[in-house]
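Report on one structure; see the data block that follows.
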Amino acid sequence: LNSAEFGGGLYNCDGIIQNNIISHNSATGEPGTGGGLRSCDGIIQNNIISDNSAKLTGGGLYGCSGTIQNNTISGNRASAGYPFHTYGGGLSGCNGTIRNCIIWQNTAPSGAQLYNCATPSYSCIQDWTGGGEGNIGDDPKLIDPANGDFHLQDGSPCIDAGGYIDGLTEDFEGDPRPYDSTAEPRG
C-alpha cells in the first residue's frame, strides 16, 4: 500500500515484473498518474493489478509501453473528475504489446478500461468494441474479485482463450499455462 505523485506501486521499472500482486496503491499528487505502475517498459506478465487509483489517469497502469501479457487488471480507478479530464481507469498511454489480459471493472469518467493504448489481442475487456485479434467482451467470471480471488470460475469464456506466447509456460501460481495443444500456436 503506497501513495506517490505517480507510479504509486512501481515507477520507471524496465526489467521483468512477474508473478506479483500490485494492489491498493495510489498516485494522488500532481500529476497523479499510474496508481499501480507508471513508465515500466519491460515485460509485465502474470500479475494481478487491482484496486489501485490515480488522481488523473491510468489507475492501473500509465505509460507502460513494453509487453503487458497474462495479467488481470481489475478494479482500478482514475477519479479526479472536474476540472480535470480524467481517463483510463485500467490502462492509459500503454503503447507496447497488450495480450492475454483480463481488463475488467476498472472505472474512470472516460475510457474506463483502456485509454489511448495499443490495440490488445486475445484479451477479455469489459464493454470492448475496439477490435483486435481474439478479444472478447464477455464476463470473465472471476470467483470473488471484491475479496481478492481472481481465479476463473468453471465455464469462464477466458479458459483456453488466450493466444500462445512462446516461452511462457506457467501461470501466476506456477501451474502449467493451459492452452489447447492441438491448435496452432496463436499470438
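No experiment lies behind these values; they were computed from the predicted model shown.
- Leu114 is listed as a side-chain neighbour of Ile125, based on a closest heavy-atom distance under 4.5 Å.
- Residues Gln113 and Asn106 have side chains that bring a donor and an acceptor to within less than 3.5 angstrom of each other.
- Looking only at atom types and distance, the side chain of Arg38 has a donor-acceptor partner in the side chain of Thr33 under 3.5 Å away.
- With Asn20 as the fixed residue, the side-chain contact (heavy atoms from CB on, under 4.5 Å) test singles out one of Leu10, Asn47, Ile49: Asn47.
- Within a 6.0 Å radius of CG in Asp149, more than 12 heavy atoms belonging to other residues, nucleotides or ligands are found.
- If you chain together hydrophobic residues whose side chains sit under 4.5 Å apart, Ile22 and Ile103 fall into the same group.
- Judged by distance alone, with hydrogens and angles left aside, the side-chain atoms of Thr97 form no donor-acceptor pair with the main-chain N or O of Thr67 at under 3.5 Å.
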Tell me which donor-acceptor pairs under 3.5 Å the side chains of residues 139-147 have, and how far apart each pair is, sequence neighbours excluded?
unit_1: Asp139; atom_1: OD1; unit_2: Lys141; atom_2: N; d: 2.8
unit_1: Asp144; atom_1: OD1; unit_2: Asn147; atom_2: ND2; d: 3.4
unit_1: Asp144; atom_1: OD2; unit_2: Asn147; atom_2: ND2; d: 2.9

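- By the side chain to side chain contact (heavy atoms under 4.5 Å, CB included) test, Tyr115 pairs with His85, Tyr87, Ser92, sequence neighbours left out.
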- Task: Dump the intermediate steps for side-chain contact (heavy atoms from CB on, under 4.5 Å) on Ile73 and Leu91, then the final yes or no.
- Result: CA-CA 8 Å; Ile73 303 165; Leu91 298 92; 3.8 Å; yes
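- Within the 4.5 Å cutoff, side-chain heavy atoms of Asp14 are placed close to those of Asn12.
- At least one donor-acceptor pair under 3.5 Å links the side chain of Asp41 to the backbone N or O of Ser65.
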- Message: Pair Ile165, Asn100 - check side-chain contact (heavy atoms from CB on, under 4.5 Å), show working.
- Response: CA-CA 9 Å; Ile165 299 173; Asn100 288 13; 3.5 Å; yes
